[in-house]
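Below is one structure, written out as structure tokens; comments come after it.
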Amino acid sequence: MRERLPSVRSSSTRLMFLVLSVMLISAVALCVLAWRLSVLDRAVAQQRDRERLEHAADSGSGALLQQLNETGERLRTVLDADGARRMASLHALADRCSSCGGLMIEPGRVTLIPSRRLRYVPEAPVPATVDDAVFSGGETLEFHRQDYAAAARWFLDLANRSHGVIRAGALIRAARNFTKQKDTGAALAAWSDVERLEVEVDGEPSTLVARFARLPLLGERAKQNEARLLMTDLESGRWPLSRTAYRYHSAELSKLTGIQANPPVWEEAAGSIVEFATREHIASGERVIEAGPSMPMLVIWRTRGETIAAMAFAPADIRKWLASVPGFAFGLETLDQQKLLPVPDGNPRTDRVLSFANAHWRLTAGPAGPGGEPRSRQALLLTGLSLVIVLVLTGSYAVVRAVSRELAVARLQADFVSAVSHEFRSPLTTLRSMCEMLERGRVPGEDRKQRYYSLMSRETERLHRLIEDLLDFGRMEVGKKQYEMHPIEISTLVPQAIAEFSEESAACGFEILIRDMMPCTVVGDSGALRRAVRNLLDNAVKYSAASQMVNVGVRVDGGNVQISVQDYGMGISHADLKRIFRKFERGSAARASRIQGTGLGLAMVNGIARAHGGSVRVESEENRGSTFTLVIPGADAKREQLAWHAS
Ligand code: ADP
């Protein structure tokens with residue numbers, strides 16, 4: 001009975017288990033490490049973000065207060081200069097920002113930088129007073145007697161005799177009476193005269209008064225055109241109106257034309273500054289004013305004598321001051337929620353409370369966008385760790401494969417050693433016992449002795465063949481096997497090989513039948529080819545449990561000689577078919593049935609077939625039998641092959 005070396009399987013299982021455990025533990029340890037590292041990294045990143053945010057809030061507050069101080073100082077420098085230099089230095093100050101403006105307010109004059117005309121001024125000129133008694137004659141005719149024709153004539157007469165404000169007043173009243181009389185032509189002519197006068201009527205330019213009053217007298221189309229022209233003049237700051245006059249005319253013209261005027265931001269800024277500086281007597285300061293709906297402006301002013309130098313900043317300018325702290329967004333609102341800059345979205349955020357512009361302001365700092373850097377670092381970390389894990393797993397797989405291959409080779413070699421020992425042991429045991437019996441003269445009769453001698457000769461022959469097989473296989477493996485190639489008649493070689501083998505097979509009750517035998521010749525080594533056929537016959541007998549029949553056939557197909565050996569034995573499983581031609585490999589059924597073998601027979605057949613430029617084929621079905629076919633190029637095909645190679 002052949003036994004496998006016991007330590008190989010158990011040590012191989014142990015080794016595999018050890019390798020797998022080490023790999024598994026390292027993979028799990030790496031995963032845990034990856035997770036811990038990522039958590040730790042996130043915590044560190046969050047802490048760093050918070051610190052940077054706190055620092056940004058401090059820097060933002062500093063930048064804001066510094067800009068306020070600096071602007072105040074520069075306004076003082078502006079006021080220190082005189083004449084043209086004063087305007088030049090205000091220009092220099094206003095040029096430093098994009099949405100801001102400089103204001104120089106002197107009695108009766110407001111200069112804006114960048115230059116633009118105000119639509120209304122903080123302190124409109126006081127209207128010249130006219131003694132209404134000059135118009136009393138006409139007004140008696142108009143209001144008491146309701147004699148509009150007489151009143152109109154009376155006022156026209158007064159206008160012809162007067163100048164300036166009185167002439168304007170008389171013409172306006174005449175136009176009013178013509179209108180009441182429904183004499184549109186005369187009314188329009190009177191208004192045209194008023195327009196040309198260019199005097200102030202109740203603090204408003206006569207031109208504006210006349211053009212505005214004439215509108216209801218015009219046809220629809222002319223009225224629209226004239227209203228648009230009048231609005232353009234009003235918006236261009238052509239007349240230095242009072243705030244009330246501007247607002248009234250602007251609102252009426254907007255109603256007529258449907259056009260919305262731009263919010264009077266600069267007019268409101270100038271008005272507020274004059275209000276604070278002259279009416280509230282605050283010589284220097286800063287305030288946030290609402291220059292229009294949702295249009296906050298930060299105004300900073302300084303006063304010298306009756307001159308005020310000021311700067312007005314839009315929220316965009318303040319955002320630019322804070323842009324000196326990159327990567328963060330800032331919100332700025334008073335504690336009672338008057339907004340200058342909207343509070344940024346997102347988290348985390350932090351606040352600082354600042355006092356300026358007569359209020360307490362909350363400066364809120366937050367991240368400008370999604371935290372790209374830490375997130376990308378996290379991704380990098382995770383990618384790196386995943387890569388390491390993949391490497392460990394791939395390495396593990398490679399190690400496991402290599403180890404299992406080594407173990408398989410070790411197992412095959414152990415099997416081989418045990419099989420070879422057994423193959424040697426059985427003939428040797430027979431020989432030893434026979435020699436002993438002969439030596440002690442325990443074999444009676446010449447006949448029996450003769451049988452013993454021939455048995456001993458067969459066993460010696462078997463041992464010889466086994467040793468030759470092993471030596472030949474060794475030579476094949478190192479490529480040193482010498483083949484002596486001669487033309488061989490296969491129809492002679494195959495029966496010879498069968499005859500040599502038949503003695504042993506017949507002893508086991510086997511019958512080897514030659515089914516086909518086509519005459520054919522190959523160029524080959526007869527010894528090697530006989531060994532190949534013998535190995536196939538040996539296997540057919542060995543693996544043919546109950547059925548004791550083996551068929552042999554020789555055919556020629558397409559120039560190739562096919563020597564087939566067919567049995568009706570246990571067959572070969574599909575999985576085994578792929579590997580039985582490898583050295584030391586044995587089929588699972590053969591091993592399970594404890595049939596002796598070294599796993600070298602088919603490897604040798606394959607080696608011999610290849611050395612002859614041929615191959616071995618197998619067709620098999622489990623429990624139905626197998627057919628092995630040795631395919632060798634025929635002598636003619638071989639000659640053609642050689643000729644083709646030579647050409
Ligand atoms: P050995 O016969 O010494 O095991 P071989 O190389 O000759 O080695 O054969 C390899 C394996 O192929 C065998 O172990 C057996 O499983 C299978 N085998 C070969 N010939 C046959 C056959 N005729 N019928 C069934 N199985 C076979």
Side-chain angles (χ1 to χ4, degrees), residues 1-4 408-409 411-427 462-463 465-474 476-477 497-498 501 504-505 508 510-513 515 528-553 562-610 615-631:
M1 174 71 82
R2 179 162 67 98
E3 69 279 342
R4 178 168 309 147
V409 170
R411 183 174 53 75
L412 286 177
Q413 279 173 348
D415 281 357
F416 173 72
V417 170
S418 128
V420 168
S421 322
H422 187 83
E423 294 280 301
F424 275 106
R425 201 189 293 151
S426 42
R462 195 171 141 195
L463 270 177
R465 251 197 337 263
L466 190 65
I467 290 166
E468 275 304 304
D469 273 0
L470 288 174
L471 287 174
D472 257 11
F473 181 74
M476 276 184 198
E477 277 291 281
I498 296 172
F501 183 71
E504 292 167 34
S505 55
C508 314
F510 268 85
E511 199 183 346
I512 301 174
L513 297 176
R515 291 281 179 204
L529 287 176
R530 267 210 308 276
R531 172 168 291 153
V533 174
R534 196 198 147 82
N535 282 1
L536 293 180
L537 290 170
D538 197 28
N539 280 350
V541 168
K542 220 164 41 170
Y543 300 111
S544 281
S547 138
Q548 297 199 314
M549 194 170 33
V550 177
N551 293 331
V552 179
Q562 300 179 347
I563 307 166
S564 58
V565 177
Q566 182 185 23
D567 65 62
Y568 301 93
M570 61 170 60
I572 306 164
S573 72
H574 190 70
D576 284 349
L577 275 178
K578 288 180 201 152
R579 50 185 192 86
I580 50 174
F581 290 98
R582 292 189 211 140
K583 61 182 176 183
F584 307 136
E585 286 286 359
R586 304 210 61 223
S588 45
R591 263 201 252 126
S593 319
R594 297 186 181 278
I595 298 171
Q596 309 298 330
T598 55
L600 293 182
L602 287 182
M604 281 181 81
V605 176
N606 196 28
I608 292 167
R610 280 164 181 271
S615 60
V616 199
R617 283 202 312 253
V618 57
E619 284 154 40
S620 185
E621 213 177 313
E622 276 183 284
N623 302 319
R624 300 294 287 271
S626 318
T627 304
F628 283 85
T629 309
L630 186 63
V631 183

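Residues take their numbers from the sequence shown, with the count starting at 1. Start at 1 and go down the list; that is how both ligands and their atoms are numbered.
- Not counting sequence neighbours, the partners of S421 by the side-chain contact (heavy atoms from CB on, under 4.5 Å) test are V417.
- Judged by distance alone, with hydrogens and angles left aside, the side-chain atoms of D567 form no donor-acceptor pair with the main-chain N or O of Y543 at under 3.5 Å.
- Between F584 and F416, the ring planes lie tilted relative to each other; the angle falls in the 30° to 60° range.
- Residues satisfying the side-chain contact (heavy atoms from CB on, under 4.5 Å) test with S620, not counting sequence neighbours, are I572, L577, V618, S626.
- A search for salt bridge (charged side-chain N to carboxylate O under 4.0 Å, His left out) contacts involving E423 returns nothing, not counting sequence neighbours.
- Using a heavy-atom distance under 4.0 Å as the criterion, the protein contacts of ligand 1 are N539, A540, K542, Y543, D567, G571, I572, I580, E585, R586, G587, A590, G597, T598, G599, L600, G601, L602, S626, F628.
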Worksheet item: Given the rule in the side chain to side chain contact (heavy atoms under 4.5 Å, CB included) test, do I498 and V552 qualify, once you have shown the distances and angles that lead to the verdict?
Response: CA-CA 9 Å; I498 296 172; V552 179; 4.0 Å; yes
